Asker: 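Below is the structure I would like to discuss, written out as structure tokens.
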Number of protein chains: 2
Amino acid sequence: MGTTQLDTVPEPKYWHLKTVLTDALDSEFAVGEILPNERELAARFGVARATLRQALEQLELEGRLQRRRGVGTTVAPPRMGVAVGDTEHSWPGAGPDAWLAVDCADAAPPAAVARLLDTVGGELVHTVRRTRRTHGQPVAAELLYVPTGSVPGLAALDAPSGAARARAVLRELQRLELDGQDQAVELGSARADDAKQLDRLPGAPVLVVTTRYFTAGRTGAVAVATYRADTCRLTFGDSGMQLLAG
Amino acid sequence: MGTTQLDTVPEPKYWHLKTVLTDALDSEFAVGEILPNERELAARFGVARATLRQALEQLELEGRLQRRRGVGTTVAPPRMGVAVGDTEHSWPGAGPDAWLAVDCADAAPPAAVARLLDTVGGELVHTVRRTRRTHGQPVAAELLYVPTGSVPGLAALDAPSGAARARAVLRELQRLELDGQDQAVELGSARADDAKQLDRLPGAPVLVVTTRYFTAGRTGAVAVATYRADTCRLTFGDSGMQLLAG
DNA sequence: TAGTGGTCTAGACCACCCC
DNA sequence: GGGTGGTCTAGACCACTAT
């Protein structure tokens, strides 16, 4: 009969839409260009808005689109390469990183962090909050957990909290010898506080990088950094693949 | 008035649902346990099924739930730690990895890969497909691109394609001296072929690990491995944080 | 065949940004 | 105020799995 070769795998509409849009982005749109709004796109493709949104969501997840409420949908630039694993291990805060110490408080760490530190439950640790920016855009929000035992030199006369205290903790950390470090990457969704720092809505996909810093045979500190998954490509190793460009 | 302290931030329903379900998972459910089906859960919480699904999708993204069509929704075990960055750099296929060479073909690589290799566009490369399994479950699907110039010893008398050919290419690679390697991690969604190997639906979230292998001052090979983002935590560095457990 | 999650629709209203 | 994306509803049908 006159049927074409299909009927075998009824590809979901949103999946087909995604490929069509991907091709269009590659050929007909420039970075930063604004797409038609969702209602018009849905009408143009003859699908419900929810279906169109399913395709847009995947494209945003893949870093091809950027959507902002009240503004519109734009074509995203290629992901930034962000160096995460230093070949020459160093304490956080060392080197010319674009990190900004925001705040510091003494509190009991979450259970998952307490397990990585060698602390018993309930013990207080210095909790330093930092932000990382690249090319003017926020890319990461980090919480650094430092057991009080790791920085005995921290004087009581230092500021009890705030950015000054955060810098004091980092300064003390860097006096220690770093034996090595350990990292893990997993997918997560941004908590409300992190989302605010990253200029995203809560629940936005993030890459969670957990780093253990070893010193004197113990775990001297643990950092939990959440990177924007839509705009970042995390690089590890000898030379950083920053050269990969559009 | 008698209003409680809210009204300031009308938290979305699905977000609130997520926290409620998270707490329930922590306290009332065991790993592997089956949740009530979506229609019943939605009725129980008094929301539309689509809203309930939005919460479930996030929990699946965070590795807390596992959903299978035709079966149901179960409580997922903690993510597996999967070693990705070796301190002692080695060619793929070396060591006691749970990798399985599946196939091999000679083809022109995608543009993004051709850019990483030093090949000109259109040049053929050996393309080896491998699968990685851990604890009996598929965790990664990899495509390894090896320029023909990297493995001149590959004899014509080797099998022209198939798993045997794949193993022959890996064997030849391991004869070369490896100067170092480079890795990048980013979020992606599974293509249809990868999804099949990973036992997931197309579009499932994956962590894409791109590795460049350097030898003799050039890029000897490039590997693009897609890891299941729901079940895997990628570990890098000195000792691998495999100890992190539930 | 019965039950599950996956896809899709056609609406509605809300939060946010910019003019 | 007008336009954008974000949330939510109440249905329907489909694809898959197990029995």
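Note: hydrogens, waters and symmetry copies are ignored here, and every other heavy atom, side chains too, is used. We name chains A, B, ... by the order of the sequence lines, and we start the count at 1 in each one. The structure displayed is predicted, hence computed values, not measured ones.
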Asker: Can you name the side chain to side chain donor-acceptor pair (under 3.5 Å) partners of A:T131, sequence neighbours left out?
Answerer: A:Q197
Asker: Does A:R165 come within less than 4.0 Å of A:D106, counting only side-chain N to carboxylate O?
Answerer: yes
Asker: Can you give the first and last nucleotides of DNA chain C, 5' to 3', that have an atom under 4.0 Å from a heavy atom of chain A?
Answerer: C:dT7 to C:dC17
Asker: Quick one: list whatever passes side-chain contact (heavy atoms from CB on, under 4.5 Å) with B:R68, sequence neighbours left out.
Answerer: B:V71
Asker: Heavy-atom contacts under 4.0 Å between residues 43-57 of chain A and DNA chain C, which residues?
Answerer: A:V47, A:A48, A:R49, A:A50, A:T51, A:Q54
Asker: With sequence neighbours excluded, what pairs up with A:Q66 under the side chain to side chain donor-acceptor pair (under 3.5 Å) test?
Answerer: none
Asker: Could I get the full list of side chain to side chain donor-acceptor pair (under 3.5 Å) partners for B:R129, not counting sequence neighbours?
Answerer: B:D193, B:D194
Asker: Any luck finding a side-chain donor-acceptor pair between B:R53 and B:Y14 under 3.5 Å?
Answerer: no
Asker: Pull out every residue in residues 16-24 of chain A that has a heavy atom closer than 4.0 Å to any atom of DNA chain C, ordered by number, or say none.
Answerer: none
Asker: Among all residues two or more places apart in sequence or in another chain, which pass the side chain to side chain donor-acceptor pair (under 3.5 Å) test with A:E60?
Answerer: A:R67, A:R200
Asker: Is there a donor-acceptor pair under 3.5 Å between the side chain of A:D182 and the backbone N or O of A:T211?
Answerer: no
Asker: Could you pull out all residues at least two apart from B:K13 that satisfy salt bridge (Lys or Arg N to Asp or Glu O under 4.0 Å)?
Answerer: none
Asker: Hey, is B:E186 close enough to A:R79 for a salt bridge, meaning N to O under 4.0 Å?
Answerer: yes
Asker: What pairs of residues pass the salt bridge (Lys or Arg N to Asp or Glu O under 4.0 Å) test when at least one of them lies in residues 20-34 of chain A, not counting sequence neighbours?
Answerer: A:D26-A:R64
Asker: Do nucleotides 14-19 of chain D as a string where each nucleotide becomes B, S or -: B if the base has a protein heavy atom under 4.0 Å, S if just the sugar-phosphate does, - if no protein is that close.
Answerer: -BBB--
Asker: Applying side-chain contact (heavy atoms from CB on, under 4.5 Å), can you list everything that pairs with A:A221, at least two apart in sequence or on another chain?
Answerer: A:W91, A:L144, A:V146, A:L173, A:Y213
